[in-house]
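Scope of the values below: all heavy atoms of this structure, side chains included, with no hydrogens, waters or symmetry mates. Throughout, a chain's letter reflects where its sequence line sits, starting with A, and its residues are numbered from 1. Predicted model only: the values in this text are computed from it and were never measured.
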Amino acid sequence: MADRYDPRVIEPKWQARWEADRLYRAPDDDPRPKWYELAMFPYPSGDLHTGHWYHYAGADVHPRYMRMRGYNVLYPMGFDSFGLPAENAAIQRGVDPAAWTRANIANMRRQLRMMGSSFDWEREVVTSDPDYYRWTQWFFLQLHKRGLAYRAEAAANWCPGCQTVLANEQVVNGRCERSDDVVQRRFLTQWFFKITAYAEELLRYEGIEWPERIRLAQTNWIGRSEGALLDFKVDVPGVTEPLRVFTTRPDTVFGATFMVLAPEHPLVEQVTTAKQRGPVAAYVDETSRESEIERMSTEKEKTGVFTGAYAINPFNGARIPIWIADYVLVTYATGAVMAVPAHDQRDFEFATKFGLRIVPVFDSEEFDVTKPLERALPHGGRMINSGSFDGTPEAEAVAKVIAFAEQRGYGKATVNYRLRDWLISRQRYWGAPIPMIHCDVHGIVAVPEADLPVLLPENVTFEPTGQSPLTQIPEWVNVACPVDGGPARRETDTMDTFMCSSWYQMRYVDPHNPERPFSTELARKWLPVDQYTGGADHAVMHLLYTRFFWKAARDMGIVEGDEPMLRLFNQGTLLGPDGQKMSKSRGNVVAPDEQVREWGSDAFRCQLMFVGPWDQGGPYNPTGMSGIVRWLNRMWSVATEPARPLEDQASEGTRDLRRSTHRTIRAVTSDIESFRFNTLISRLMEHTTTLQRARERGAVDRSAWNEAVDSLLLMAAPLAPHIAEELWERRGGVYSIHLQRWPDFEAELAEEEQHEVVVQVNGKVRDHVIVGLGATEAEVRAAVMASVRVQEWVAGRTPRRVVYVPGKLFNIVL
RNA sequence: GCCGGGGUGGCGGAAUGGCAGACGCAGCGGACUUAAACUCCGCGGCCGCAAGGCAUGAGGGUUCGAAUCCCUCCCCCGGCACCA
């Protein structure tokens with residue numbers, strides 16, 4: 001029986017047994033309270049890398065704990081399997097994206113099973129399966145029906161490498177998030193989702209416990225700003241349309257000395273004078289060729305061109321020039337600004353460069369505003385140069401100016417958001433087809449729900465044309481119009497893969513339903529997700545989209561509650577042994593399959609969790625593995641070796657062992673609930689050492705020993721499930737350890753029998769005294785004063801005061 | 001520039017107002033062994049013979065007491081960034 005710990009034997013054995021017994025299945029009809037734990041599903045790149053292990057090793061701990069806490073735990077897994085890599089493989093190597101994806105999924109499923117994670121595989125979803133994407137298409141139709149999906153010609157982010165458009169969220173520093181190509185701007189007619197309709201609600205995070213950094217990232221991304229829309233008359237014959245600007249500082253309107261339009265602004269064409277037509281056209285052309293990176297560079301000196309036209313400030317009738325400049329973005333607010341150089345640094349730089357007037361409209365304590373300014377003053381004291389408003393303090397100015405403008409009909413208070421609508425069209429093959437049909441007679445017609453799914457055709461050819469392969473398949477494109485059966489054409493764009501992952505947590509509750517995306521009853525039973533885990537890199541993409549989808553689904557009446565995931569935990573990034581990001585080019589990649597072959601899944605999981613706090617990530621050093629392996633062997637040893645005579649019931653050793661057991665349970669329970677897995681393991685190591693020592697001494701009570709060993713195995717089970725199960729069985733425990741109750745601790749047994757009080761003189765540690773549990777301050781004081789070392793330091797002086805922290809510390813201040 | 005996270009032994013880290021360095025790696029010494037591996041025991045911040053002093057990125061402050069709270073600054077990582 002006491003053979004050696006060999007993970008290569010026990011791990012496959014238990015994995016097979018658990019699967020045969022459907023141990024981790026979450027039954028729908030179960031009276032226990034539910035717990036829905038979800039780990040972000042992977043893209044099936046083909047190989048489970050160490051980053052995946054780091055995520056899923058940690059993610060598996062808490063659902064296992066909740067199961068032992070008596071919950072009916074739903075912990076599913078699946079694959080986010082649409083997307084570019086499959087198509088790139090097809091283009092580069094001529095493989096079929098579907099076959100490539102299937103093979104990758106098969107391999108990653110094998111690797112995930114090798115971890116021994118407690119997934120309920122019977123609920124697996126694969127987003128590129130027609131059974132799944134049929135309902136992604138269904139969601140598109142529901143959003144369309146509710147006016148949340150629309151088509152618009154808009155400047156799109158075009159990735160020349162991927163030959164497709166990107167959502168704003170997928171553009172990182174002007175480059176494609178995936179291929180790193182410099183993003184260009186292109187005007188295309190695209191499908192959008194009206195996520196901005198939920199902007200205000202998305203800023204509220206009521207009832208959810210999400211990390212502050214994620215909430216802040218979303219809040220910044222949504223970018224709410226309060227201000228006013230103001231209408232300026234355009235002093236050009238024939239132009240009646242006002243020039244509308246958004247400003248957060250309507251109180252500076254008297255200081256507006258010029259206007260700036262984005263080069264793409266529709267008014268540019270109408271207002272430009274004959275004389276300025278040449279330079280304006282040249283500037284517009286120049287900016288249209290700039291990449292996002294060039295245009296967005298903040299280091300760049302301001303550029304711009306005068307249109308020759310003027311606008312009239314409605315507040316004071318001033319006639320001010322209209323310029324165009326690329327620092328004004330057509331996509332934000334109205335695409336036009338009133339420039340107040342005295343109080344806005346960008347406008348100041350522009351005015352300085354082009355010799356435009358600078359008029360301060362707030363006085364300042366820092367500067368003499370009658371002299372030329374050296375920089376813009378964003379804040380001031382009271383209004384000046386502002387007609388009847390002069391003397392108004394800054395705090396009251398905005399409201400007063402808006403009220404004035406509203407009364408006269410040329411302005412109103414408004415809220416503007418930085419968030420843009422979600423561009424979901426992709427000119428790609430490997431995605432869910434957008435279920436719409438273009439008919440010359442009836443326009444854009446939705447595919448009837450009964451006709452879903454719109455199947456993705458197979459055996460397509462890939463040419464680097466910039467056109468989706470779908471456009472090259474006439475028998476797929478040409479279709480009967482759903483209204484009258486006349487000739488029509490399918491939409492050939494497919495959907496952004498973030499749509500697939502925006503609702504997958506809903507499908508897991510009823511993954512095989514052929515009639516509906518999921519039944520309302522099961523949604524009510526399982527949703528929302530109680531605990532979600534995944535990387536923080538999805539802060540403004542997946543995690544924002546899925547909240548939007550949920551709110552839309554709530555408004556459709558198919559889910560209840562306002563938020564899809566109640567608690568979120570972001571694990572950090574695991575780095576290579578050199579502290580650098582793991583990458584093949586750096587040669588610092590740790591291959592999980594090799595680690596498992598050499599050390600076993602349990603050891604690898606524990607080592608990953610032991611390197612540091614899970615939310616911080618950090619360097620992974622395989623040399624540290626020996627410490628974990630030593631610990632697992634020590635655990636094996638105390639749990640399998642027959643104990644020597646263990647009969648002394650009242651011994652100090654017995655009391656120490658009991659105390660260690662109950663203290664460890666208390667600490668580990670707290671650690672597991674707050675995802676502090678590194679300190680959890682260190683506490684289990686300490687408890688194991690205590691057991692070893694107790695065994696060597698021999699004089700401990702049998703029941704205390706059994707309680708200590710059983711607790712150790714139960715607490716190790718969520719982190720090292722195989723060895724815990726094996727040892728549990730060898731000790732005659734009831735199968736399975738993973739269905740046993742989590743141990744409880746008794747507070748009295750966890751307490752020390754004596755306190756060691758730290759003795760300080762003037763805040764410096766000079767001695768320690770041992771006192772009984774119930775010792776009064778007077779007793780402690782007596783013990784302290786009896787100390788020879790204390791007497792030496794006090795040297796006969798009278799303490800000015802003493803500070804006593806009961807049971808902990810006694811400080812004598814001289 | 002703005003926002004967030006961080007800076008502690010040779011290394012990963014622990015301690016969130018009360019003994020700085022738990023736990024582990026690496027290292028050193030010892031036991032066992034013919035020897036090695038395994039295992040076990042012990043030692044490991046710096047200066048100092050010692051008493052003691054000094055140490056948590058730097059400097060200042062609050063406090064009987066600060067890695068922890070406050071102020072000023074430096075460095076590293078991540079996000080956002082001409083958003084009117």
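In this structure, A:His343 contributes its side chain and A:Val361 its backbone to a donor-acceptor pair below 3.5 Å. The closest donor-acceptor contact from the side chain of A:Asn570 to the backbone of A:Gly534 lies under 3.5 Å. At least one donor-acceptor pair closer than 3.5 Å links the side chain of A:His265 to the backbone N or O of A:Leu267.
B:G9 and B:C23: their C1' atoms are spaced 15 Å apart (whole Å). Taking atom P on both nucleotides, B:A15 is separated from B:G57 by 16 Å, rounded to a whole Å. Atom C1' of B:A14 sits at a distance of 11 Å from the matching atom of B:A67, rounded to the whole Å. For the P atoms, the distance linking B:G4 with B:C70 amounts to 13 Å, nearest Å. Nucleotides B:G7 and B:A58 have their C1' atoms positioned 12 Å apart, rounded to a whole Å. Rounded to the nearest Å, the gap between the C1' atom of B:G5 and that of B:G53 is 35 Å. Going from the C1' atom of B:A20 to that of B:A66 covers 11 Å, rounded to whole Å. Taking atom C1' in both B:G52 and B:U39, one finds a spacing of 40 Å when rounded to whole Å.
With B:A84, B:C19, B:G13 as the candidates, the nucleotide lying closest to the side chain of A:Tyr332 is B:A84. You'll find that the side chain of A:Val611 is closest to B:G12, out of B:A14, B:A84, B:G12. Out of B:G12, B:A84, B:C41, the shortest distance to the side chain of A:Pro619 is found at B:G12.
Within the shown strands, nothing qualifies as a pairing partner of B:G21 under the Watson-Crick or G-U definition with both distances less than 3.5 Å. The partner of B:G27, taking Watson-Crick or G-U wobble pairs whose two distances both stay under 3.5 Å, is B:C43. The partner of B:A15, taking Watson-Crick or G-U wobble pairs whose two distances both stay under 3.5 Å, does not exist in any strand shown.
Looking at residues two or more places apart in sequence or on another chain, you find a ring pair (Phe, Tyr, Trp, His ring centres under 6.0 Å) between A:Phe677 and A:Trp614, A:Phe675. With sequence neighbours excluded, the residues satisfying ring pair (Phe, Tyr, Trp, His ring centres under 6.0 Å) with A:Phe354 are A:Trp323, A:Phe350. Residues forming a side chain to side chain donor-acceptor pair (under 3.5 Å) with A:Glu598 (at least two apart in sequence, or on another chain): none. For A:Asp231, the side-chain contact (heavy atoms from CB on, under 4.5 Å) criterion is met by A:Pro242, A:Arg244, A:Tyr410, not counting sequence neighbours.
One can place CG of A:Leu574 at 12 Å from C1' of B:G12, the figure rounded to the nearest angstrom. In this entry the distance linking CG of A:Asp347 with P of B:C82 reads 15 Å, nearest Å. For the pair A:Leu229 CG and B:A84 C1', the interatomic distance rounds to 12 Å; values are reported in whole Å. Rounded to whole Å, atom C1' of B:C38 lies 17 Å from atom CH2 of A:Trp636. One atom, CG of A:Leu216, and another, P of B:G78, lie 19 Å apart when rounded to the nearest Å. Look at CG on A:Leu261: it is 18 Å from P on B:A84, rounded to the nearest Å. For the pair A:Met609 CE and B:A14 P, the interatomic distance rounds to 14 Å; values are reported in whole Å. In this structure, A:Leu684 atom CG and B:A22 atom P are separated by 18 Å, rounded to whole Å.
Classified by its glycosidic torsion, B:G10 falls in the anti category, the angle being over 90° from 0. B:G9: glycosidic angle within 90° of 0, hence syn.
Every pair passing salt bridge (charged side-chain N to carboxylate O under 4.0 Å, His left out) that includes a residue from residues 334-348 of chain A is listed here, sequence neighbours excluded: A:Asp344-A:Arg346. Within the structure, every pair that satisfies the salt bridge (charged side-chain N to carboxylate O under 4.0 Å, His left out) test and touches residues 676-687 of chain A, not counting sequence neighbours, is listed here: A:Asp671-A:Arg676, A:Asp671-A:Arg683.
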At under 4.0 Å between heavy atoms, how does the protein contact nucleotides 23-30 of chain B? Give one character per nucleotide, 5' to 3', with B, S or -. BSSS----
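Between the side chains of A:Thr196 and A:Arg420, not a single donor N or O lies within less than 3.5 Å of an accepting N or O. Checking A:Asn416 against A:Tyr332 by side-chain atom types alone, a donor-acceptor pair falls below 3.5 Å. Looking at A:Ser660 and A:His687, their side chains do bring a donor and an acceptor atom within 3.5 Å of each other.
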With 3.5 Å as the limit, what N/O pairs link the protein to nucleotides 5-7 of chain B?
none

Output a table of nitrogen or oxygen pairs between the protein and nucleotides 51-53 of chain B separated by less than 3.5 Å.
residue	atom	partner	partner atom	Å
B:G53	OP1	A:Arg766	NH2	3.2
B:G53	OP2	A:Arg766	NH1	3.3

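For B:A84, the OP1/OP2 oxygens have no side-chain nitrogen or oxygen of A:Arg418 closer than 4.0 Å. Proximity of A:Thr573 to the phosphate of B:C77: no side-chain N or O atom is located under 4.0 Å from OP1 or OP2.
Counting any heavy atom pair closer than 4.0 Å across all strands shown, A:Val758 reaches a base atom. Among the heavy atoms of the strands, none lies under 4.0 Å from A:Thr331. In this structure, A:Arg693 reaches the sugar-phosphate backbone alone: every heavy-atom distance under 4.0 Å involves primed, P, OP1 or OP2 atoms, never a base.
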Identify each donor-acceptor pair in which a side-chain atom of residues 762-769 of chain A lies under 3.5 Å from a protein atom, sequence neighbours left out, and give them as a table.
residue	atom	partner	partner atom	Å
A:Asn762	OD1	A:Leu814	N	2.9
A:Asp767	OD2	A:Ser787	OG	2.7

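A:Phe604 pairs in a ring-ring contact (aromatic ring centres under 6.0 Å, His included) with only one of the listed residues (A:Trp53, A:Tyr54, A:Phe610), which is A:Trp53.
Within a heavy-atom distance below 4.0 Å of RNA chain B, the residues of residues 805-814 of chain A found are A:Val805, A:Leu809, A:Asn811, A:Val813. Within residues 335-346 of chain A, the residues having any heavy atom closer than 4.0 Å to RNA chain B are, in order of number, A:Val337, A:Arg346.
Of the charged side-chain nitrogens involved, at least one lies within less than 4.0 Å of a carboxylate oxygen, so that A:Arg224 and A:Glu200 count as a salt-bridged pair. The pair A:Arg215-A:Glu209 does not meet the salt-bridge criterion, since no charged nitrogen lies less than 4.0 angstrom from a carboxylate oxygen.
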Assess the residue pair A:Thr546 and A:Phe498 against the criterion (side chain to side chain contact (heavy atoms under 4.5 Å, CB included)); give the C-alpha distance rounded to whole Å, side-chain angles, the decisive distance to 0.1 Å, and a yes or no. CA-CA 9 Å; A:Thr546 196; A:Phe498 277 109; over 6 Å; no
Show your working on side-chain hydrogen bond (donor to acceptor under 3.5 Å, both in side chains) between A:Thr689 and A:Arg634 and close with a plain yes or no. CA-CA 8 Å; A:Thr689 304; A:Arg634 291 194 296 133; 2.8 Å; yes
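Remark: aromatic rings of A:Phe192 and A:Trp422 are distant, center separation not under 6.0 Å.
Donor-acceptor pairing under 3.5 Å, judged by distance alone, is present between the side chain of A:Glu756 and the base of B:C19.
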